Visitor: 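Handing you a structure now.
The chains referred to below are lettered A, B, ... by the order of the sequence lines, with proteins before strands, and numbering in each begins at 1. For the numbers below, each heavy atom of this structure counts, side chains included, while hydrogens, waters and symmetry mates do not. All values reported here derive from a predicted model rather than from experimental measurement.
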Amino acid sequence: MSIKELGKAFEPAEAEKRLYAYWLKNKFFHAQDKSEKPAFSIVIPPPNVTGILHMGHALNNTLQDVIIRFKRMQGCNTLWMPGTDHAGIATQNVVEQQLAREGTSRHALGREKFIARVWEWKEKYGGVIIDQLKRLGCSCDWDRERFTMDEGLSQAVREVFVKLYNEGMIYQGDYIVNWCPRCHTAISDLEVEFKSDASFLWNIRYPYEDGSGGIVVATTRPETMLGDTAVAVHPDDPRYKDKVGKFVILPLMNKKIPIIADDYVTMDFGSGAVKITPGSDPNDFAMAQRHQLEIISILDGEGIINEHGGPYRGQDRYEARKNVVADLEKQGYLVGTEPYEHNVGQCYRCKTDIEPMVSKQWFVKIKPLAQKAVAAVTKKKTRIVPSSWEATYFDWMNNIRDWCISRQLWWGHRIPVWYCGDCGKVIVSTVDPDRCPICDGASLAQDEDVLDTWFSSSLWPFTTLGWPKRTQALKTFYPTSLLITGFDILFFWVARMMMMGLYVMKDVPFKDVYLHALVRDEKGEKMSKSKGNSIDPLVMIDRYGADAFRFTLVAYTAQGRDVRMSPERIEGYKFFVNKIWNAAKLTLTNIADFDENAPLEAGQTLPDQWIRTKAAEAVQDVTQCLDEYRFNDAAASLYRFIWHEYCDWYLEASKPALYGKLSGEQRRVTQKTLRDVFGVMLRLLHPFMPFVTEELWQALHAGEGESIMVSRFPEAETSWINRDAEREMEMLMEIITAVRNIRGEMRIAPSMKLKVLICAADNAQKKAVDEGADYLVNLANLESLQVEVDLVEPKGVATAVVGSHRIFVPLEGIVDIAAEKSRLEKELAKISKDLEQSSRKLANRDFRHKAAPEVISKEEDKLKSFQEKYATLEGALKKLKEIAS
RNA sequence: GGGCGGGUAGCUCAGCUGGAAGAGCGCCACGCUUACACCGUGGAUGUCACAGGUUCGAGCCCUGUCCCGCCUACCA
């Protein structure tokens, strides 16, 4: 066969570019809408168009690509659906900042022009991340790339909105929502991040209307008192029983407000009385609804006190706080101030303190949707991996509140609702109406708001496949097979996709969900720009190659555990890539002259049989690990097989055959094994290290073969497994290690050839060693090897025991006997510990009665071998002492 | 306040349904043996957080305690 020559080292930068282009050119990533093959599909968690690749993306997409390549090689019609989302707030922010630098604003531009500007920006800078995913090696079906604001997806959003509306699942109303005064929009409960803040608890006295003293309330937000419309106490509180129904005077505002009773109030907190500000607190808002209280909003959309704030009008909320406190103090209403730590909600986007505010918003009735989403997981229609996340999922779903889906932004899917200026009719439609269906008036105005970005993301698994059209792709690939994403968007995205998939498609969006952990730095801290500890994936790819980088991520992805990343770790796997490269060089140069067609006369050598067994095991193991999403275990298995089995032992053991020390026939058999096993190895490794494996696969086939991408993933060849050969080879390996150990401990130069004598227990044992003699001589660097059944132990030797073999290395003239004495003593100490432990166990009557028979016989075998080993070593030591004395 | 995960070799972590404590990196010693010094060979290192319990037997199961992360929550 002809083989391509390999360079001194793998050149990732050049090879990655070339190979990715080759894959693209041949459309290997492309999935068929219709196919005989079983379908396998994953939709990408769409990154923000504004996004640039960070470690989280790198991990997430590497895992997806591993599974996708694995399934593709297994013969599935495999679709990895890529795309980006429009990220309402983030994208709008970016363009607004750009406008600000130009000295203008979106308001100056107007809605239409602004949106045009955002599109312009998107075309120019958006989706950088797509190219970055390509650098990672992602084998997405790029021909199908989607964007949440695409024509088709936008239409789908309207369809779903209208369906929900018509079925009474969407409503509009004035409710208290989380308002971001900087982004100028409502956000959902999920988009609020709570941060603990060291502040104060201000105690304020509200005098009773009749002048008979007052009631003290505590607050962390004194400025909100301007909008107080009641004071609440617990109905059972004896202190206030007779006060309920009476009135207090709201200080500063000089206004009468009632004292009400509600069991929301905790009696033993503070004074047991709470000020109620329905316009600025969700709990107070709820109470206001229960008691028909007046609801006053004292803040405008910017967080500035409005006309309802009396003298404080025009002041920023924090400025107003200071002034209110000062005035209360001045007028004698402030009873006390104590330091207090509490949680403050912030906008997840801009970290501005959230202002709970009453405004008109659109909501989705979520309970009915959530119930079905819970049932789907209970019934295992969707499986969450690791399953420990199920509890979190259930908990959230069961305590869910209606979803506020309207946003006061310009960039996004505009709500498909129109209001007739003539008759007031509300029109909800999938197509833009020209005229009012009731009065035929033409003065229609569309709702100003857009939808939460997550609304369109929640439809992603089917809209990307063409819905609302009943496309072939949809038929083939929905429900998708698997979703891989970070646990941090379990609620934001996974849960909502579950709800929407079930609602719209009447089926779950995916069968499996694999949730991976976060990437942290080597100290376990979250990576962030401000901390300066973030690692740029692209820099890592440039420095170490995509293969090494990917393998590192996979190797550290244990279920339910964070990934700790550092350049040093990636470097370690770069060394692994180098090792593979060099093993390939050795392998390929030695099989270059292998003639496939000539019949093989000789049988396989022991190492041949052994490495085939190990290869079959590795295939089995890696396949199972991937099936179970145990990524780190798969990586470890590959690492061990390639480095410690193939390179350390098999390549070394096959050298005699390759370098012509064995017969030509034997050489050809070994060549065949090399070629077979090496091919298996490459294919097994390909999902993890796509580039170097492709490069080597091409070399193996002299550039004439098909891509490794579309080759068949290895299946465990049971015919390759030979347990006898495995056992025999491993026995030889142990003997070799024992001799090397003596060499190392005795400080015998590696270059010095040794004479070794082995005393075998019987003829069968002797034969086994004799058969491996060549390997032994070679790998232990021996001058001679003598194996006998009745060997009288020579004098002045170093001794080791492997199984029932006693191994002697004559030391005369090589080292001093004292060194061997101390080595033996050390060994004896070790073995006597084992011996003692084992015999104590076996002496225990309960153990003999209650333990499983196979456990007992195993223990007995152990004891026996300990005893033999002990006796041999002890004898050897005694002899040495005789010589020494 | 509730929930989840974790505490195993100097470091980062494996350890599946209880049956001789493992890997990688780091460390020490020796070695440029014709794939690889991005390497090879050998070596050292552990009260498996703590205290009880179940069991013939516990890193693994149960109870409690102490730390460390994370998620979640309307106590002013």
Side-chain angles (χ1 to χ4, degrees), chain A residues 6 8-9 194 201-203 217-221 232 264-266 268-277 281-287 340 342-343 356 386 388-389 391-392 395-396 399 487-488 490-491 517-518 520 522 524-526 548 555-556 558 560-562 564 566 568-569 571-590 628 630 632-633 636 639-640 643-644 647-648 651-652 655 659 736-737 740-751 778-781 834 837-838 841 844-852 854-856 858-859 862 866:
Chain A
L6 293 179
K8 179 137 180 63
F194 285 93
L201 196 58
W202 286 275
N203 293 296
V217 296
T219 182
T220 54
R221 300 201 53 194
Y264 158 78
V265 181
T266 313
D268 30 344
F269 186 90
S271 65
V274 198
K275 65 190 261 323
I276 301 301
T277 321
D281 183 284
N283 298 305
D284 295 2
F285 182 80
M287 202 180 298
Y340 193 70
H342 69 132
N343 287 335
S388 51
W389 284 105
T392 310
D395 185 59
W396 188 74
N399 295 302
F487 67 79
D488 50 329
L490 177 61
F491 306 141
L518 259 43
R520 296 171 181 280
E522 70 266 64
E525 284 179 40
K526 206 165 166 175
Y556 283 99
R561 215 157 177 151
D562 286 336
R564 294 203 188 187
S566 74
E568 290 73 36
R569 288 178 195 175
E571 189 185 28
Y573 287 107
K574 191 193 118 188
F575 296 160
F576 182 40
V577 174
N578 182 252
K579 185 75 180 176
I580 294 164
W581 185 260
N582 280 290
K585 260 165 61 181
L586 177 68
T587 304
L588 294 181
T589 54
N590 278 295
E628 295 169 6
R630 284 163 38 226
N632 60 323
D633 290 334
Y639 192 92
R640 190 192 55 243
W643 200 312
H644 297 306
C647 292
D648 286 352
L651 286 182
E652 294 305 325
K655 279 178 182 171
Y659 294 151
I736 292 162
T737 305
R740 285 172 176 170
N741 169 280
I742 289 170
R743 191 191 282 279
E745 296 273 293
M746 304 270 96
R747 305 286 158 87
I748 302 169
S751 54
N778 224 279
L779 296 174
N781 195 23
D834 293 338
Q837 204 182 359
S838 186
K841 206 173 198 178
N844 186 331
R845 284 185 57 186
D846 286 326
F847 176 73
R848 302 210 84 108
H849 279 143
K850 294 177 184 173
E854 62 269 22
V855 173
I856 296 176
K858 197 176 158 199
E859 197 63 37
K862 257 161 59 181
F866 290 151

Visitor: Can you check the A/R747 CZ to B/A29 C1' distance for me, whole Å?
Guide: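 Atom CZ in A/R747 sits about 5 Å away from atom C1' in B/A29.
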Visitor: Using OP1 and OP2 only, check whether a side-chain N or O of A/H644 sits under 4.0 Å from B/G24.
Guide: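 Yes, such a contact exists.
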Visitor: Choose from B/A35, B/G43, B/A76 the nucleotide whose nearest atom is closest to any side-chain atom of A/E745.
Guide: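 That would be B/G43.
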Visitor: Which atom names give the shortest non-hydrogen contact between A/A232 and A/M287, and what distance separates them?
Guide: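 Of all heavy-atom pairs spanning A/A232 and A/M287, the closest is CB-SD, 3.7 Å.
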Visitor: Say you pick atom C1' in B/A23 and the same atom in B/G18; how far apart are they, in whole Å?
Guide: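 Each nucleotide's C1' atom is 22 Å from the other's.
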Visitor: Counting only side-chain nitrogens and oxygens, does A/Y659 get under 4.0 Å of the OP1 or OP2 atom of B/A35?
Guide: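 Checking B/A35 against A/Y659, a side-chain N or O does come within under 4.0 Å of OP1 or OP2.
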Visitor: Taking the side chain as every heavy atom from C-beta outward, state whether A/Y556 and A/N632 have any pair of such atoms under 4.5 Å apart.
Guide: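 Not touching, per the 4.5 Å side-chain cut-off.
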Visitor: Using whole Å, report how far CG of A/N778 lies from P of B/U41.
Guide: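 Computing the A/N778:CG to B/U41:P distance gives 14 Å.
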Visitor: Describe the nucleic acid contact of A/F285 in one word from base, sugar-phosphate, nothing, applying a heavy-atom distance below 4.0 Å.
Guide: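 Nothing: the residue A/F285, judged by heavy atoms under 4.0 Å, touches no strand.
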Visitor: If you look at every strand shown and take non-hydrogen atoms under 4.0 Å, does A/F576 touch a base, only sugar-phosphate, or nothing?
Guide: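 Counting heavy atoms under 4.0 Å across all strands, no contact is made by A/F576.
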Visitor: Mind checking the C1' distance from B/G53 to B/G57? Whole angstroms is fine.
Guide: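 It comes out at 15 Å once rounded to the nearest Å.
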Visitor: Within this structure, what is the CD-to-P distance between A/Q837 and B/A20, rounded to whole angstrom?
Guide: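 Answer to the nearest Å: 10 Å.
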Visitor: Please give the distance between the P atoms of B/A44 and B/C28 as a whole number of Å.
Guide: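 Per the computed distance, 16 Å lies between those P atoms.
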Visitor: State which of B/C70, B/U72, B/A35 makes the closest approach to the side chain of A/F487.
Guide: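 Nearest nucleotide to the side chain: B/C70.
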Visitor: Please report the interatomic distance CZ(A/F866) to CD(A/E859), rounded to the nearest 0.5 Å.
Guide: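 If we round to the nearest 0.5 Å, A/F866:CZ and A/E859:CD are 7.5 Å apart.
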Visitor: Can you say whether a donor on the side chain of A/E652 sits under 3.5 Å from an acceptor on the base of B/A35, or the other way round?
Guide: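 When only heavy-atom distances are counted, A/E652 does reach the base of B/A35 through a donor-acceptor pair under 3.5 Å.
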Visitor: How long is the span from the NZ atom in A/K574 to the CD atom in A/E568, to the nearest 0.5 Å?
Guide: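 Interatomic distance, A/K574 NZ to A/E568 CD, rounded to 0.5 Å: 13.0 Å.
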Visitor: Touch check for A/D488, heavy atoms < 4.0 angstrom, all strands: base, sugar-phosphate only, or nothing?
Guide: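 Nothing, no nucleic acid heavy atom in range.
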Visitor: Of A/L651 and A/A218, whose nearest nucleotide on RNA chain B comes first from the 5' end?
Guide: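 Checking each residue's closest nucleotide, the 5'-ward one belongs to A/L651.
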Visitor: Mind telling me whether A/Y639 and A/Y573 have parallel, tilted or perpendicular rings, with 30° and 60° as the class edges?
Guide: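 Answer is perpendicular, since the angle exceeds 60°.
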Visitor: Step by step, work out the side-chain contact (heavy atoms from CB on, under 4.5 Å) result for A/K655 and A/N590.
Guide: CA-CA 9 Å; A/K655 279 178 182 171; A/N590 278 295; over 6 Å; no
Visitor: Hey, does A/N844 reach any base, or is it just sugar-phosphate, or nothing, if we go heavy atoms under 4.0 Å?
Guide: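 Sugar-phosphate only.
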Visitor: Heavy atoms only: give me the nearest A/A583-A/L651 pair and the separation to one decimal.
Guide: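 So the two residues come closest at CB-CD1, 3.8 Å.
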Visitor: For B/G19, does either OP1 or OP2 sit under 4.0 Å from a side-chain N or O belonging to A/K862?
Guide: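 So the side-chain polar atoms of A/K862 never come under 4.0 Å of the phosphate oxygens OP1 or OP2 of B/G19.
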Visitor: Please report the distance separating the P of B/C67 from the corresponding atom of B/C50, rounded so that it comes out in whole Å.
Guide: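 These two P atoms come out 15 Å apart once rounded.
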Visitor: Between atom CG in A/N578 and atom P in B/G40, what is the gap in whole Å?
Guide: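 Result: 10 Å.
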Visitor: State, to 0.1 Å, how close A/Y340 and A/L201 come at their nearest heavy-atom pair, and which atoms those are.
Guide: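 Taking every non-hydrogen atom into account, CB-N, 3.6 Å.
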Visitor: Which whole number of Å gives the distance between the P atom of B/C68 and that of B/U63?
Guide: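 Nearest-Å result for B/C68 against B/U63 at atom P: 23 Å.
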Visitor: For the side chain of A/K579 and the base of B/C36, is some donor closer than 3.5 Å to an acceptor across the two?
Guide: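 Side chain to base: pair found, below 3.5 Å.
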Visitor: For the residue pair A/N203 and A/A218, what are the closest heavy atoms and their distance?
Guide: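 In terms of heavy atoms, the two residues are closest at OD1-CB, 3.2 Å.
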Visitor: Under 3.5 Å for both pairing distances: what stems, at least three Watson-Crick or G-U pairs long, include RNA chain B?
Guide: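 The stems are B:1-7 with B:66-72, B:10-13 with B:22-25, B:27-31 with B:39-43, B:49-53 with B:61-65.
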Visitor: Between A/P750 and A/T220, which residue's closest nucleotide on RNA chain B lies nearer the 5′ terminus?
Guide: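 This one resolves to A/P750.
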Visitor: CG of A/D284 to CD1 of A/I276: how many Å apart, nearest 0.5 Å?
Guide: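 Between atom CG of A/D284 and atom CD1 of A/I276 there are 4.0 Å.
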Visitor: Could you work out which one of B/U72, B/A35, B/G43 sits closest to the side chain of A/F491?
Guide: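 Selected nucleotide: B/U72.
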Visitor: Under 4.0 angstrom, heavy atoms only, what part of the nucleic acid is A/V217 near: base, sugar-phosphate, or nothing?
Guide: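 Here A/V217 touches no strand at all.
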Visitor: Are any of A/N399's side-chain N or O atoms less than 4.0 Å away from OP1 or OP2 of B/U72?
Guide: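 The answer is no; no side-chain N or O of A/N399 sits under 4.0 Å from OP1 or OP2.
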Visitor: Test side-chain contact (heavy atoms from CB on, under 4.5 Å) on A/V274 and A/F269 and set out the steps.
Guide: CA-CA 9 Å; A/V274 198; A/F269 186 90; over 6 Å; no
Visitor: As an exercise, state the distance from CD1 of A/I736 to CG of A/N778, rounded to the nearest 0.5 Å.
Guide: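 Nearest 0.5 Å value for the CD1-CG distance: 9.0 Å.
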Visitor: Applying a 4.0 Å non-hydrogen cut-off, can you work out what A/A636 is touching in the nucleic acid: base, sugar-phosphate, or nothing?
Guide: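 Result for A/A636 = nothing.
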Visitor: Can you tell me which nucleotide in B/C38, B/A20, B/G43 comes closest to the side chain of A/K858?
Guide: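 Shortest atom-to-atom distance from the side chain points to B/A20.
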Visitor: I'd like the C1' distance from B/G15 over to B/C60, given in whole Å.
Guide: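 Their C1' atoms lie roughly 9 Å apart.
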Visitor: Figure out the CZ/P separation between A/R845 and B/G57, and round it to whole Å.
Guide: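 These atoms are roughly 15 Å apart.
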Visitor: Could you tell me whether A/W643 contacts a base, only the sugar-phosphate backbone, or nothing, with contacts defined as non-hydrogen atoms closer than 4.0 Å?
Guide: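 Since only primed, P, OP1 and OP2 atoms lie under 4.0 Å of A/W643, the category is sugar-phosphate.
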Visitor: At under 4.0 Å between heavy atoms, what does A/S838 touch on the DNA or RNA strands: base, sugar-phosphate, or nothing?
Guide: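 Counting heavy atoms under 4.0 Å across all strands, no contact is made by A/S838.
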Visitor: Quote, to the nearest angstrom, the C1' distance that separates B/A49 from B/G59.
Guide: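 The answer is 12 Å between these two C1' atoms.
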Visitor: Please list, for nucleotides 13-16 of chain B, all pairs of protein and nucleotide N/O atoms separated by less than 3.5 Å.
Guide:
| residue | atom | partner | partner atom | Å |
| --- | --- | --- | --- | --- |
| B/C13 | OP1 | A/R564 | NE | 3.3 |
| B/A14 | OP1 | A/R561 | NE | 3.3 |
| B/A14 | OP1 | A/R561 | NH1 | 2.9 |
| B/A14 | OP2 | A/R561 | NH1 | 2.1 |

Visitor: Look at A/K850 and B/C56 and indicate whether a side-chain polar atom (N or O) is within less than 4.0 Å of OP1 or OP2.
Guide: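 Affirmative; the distance criterion is met.
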Visitor: Take A/R221 and A/T277 through the test side-chain contact (heavy atoms from CB on, under 4.5 Å) and record every step on the way to the result.
Guide: CA-CA 10 Å; A/R221 300 201 53 194; A/T277 321; over 6 Å; no
Visitor: Taking B/G2 as the reference, what is the distance to B/U65 when you measure between their P atoms (whole Å, please)?
Guide: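 Nearest-Å result for B/U65 against B/G2 at atom P: 12 Å.
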Visitor: Return the nearest nucleotide to the side chain of A/A851; candidates are B/C56, B/C75, B/G43.
Guide: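 Within the option list, the nearest is B/C56.
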Visitor: Check every atom of B/A76, B/A73, B/A35 against the side chain of A/N343 and return the nucleotide holding the closest atom.
Guide: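 The answer is B/A73.
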Visitor: Roughly how many Å is it from CZ in A/F847 to P in B/G57, rounded to a whole number?
Guide: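 The distance from CZ of A/F847 to P of B/G57 comes to 11 Å, rounded to the nearest Å.
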Visitor: What is the distance from CZ of A/R221 to C1' of B/C74, rounded to the nearest Å?
Guide: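 So the CZ-C1' distance, A/R221 to B/C74, works out to 14 Å.
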Visitor: With heavy atoms under 4.0 Å as the rule, sort A/T392 into base, sugar-phosphate or nothing.
Guide: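 The residue A/T392 makes no contact with any strand.
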Visitor: Mind checking A/A584 for me? I need base, sugar-phosphate or nothing, with any heavy atom below 4.0 Å counting as a touch.
Guide: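 Result for A/A584 = nothing.
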Visitor: How long is the line joining CZ of A/F575 and P of B/C25, in whole Å?
Guide: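 Rounded to whole Å, this separation is 10 Å.
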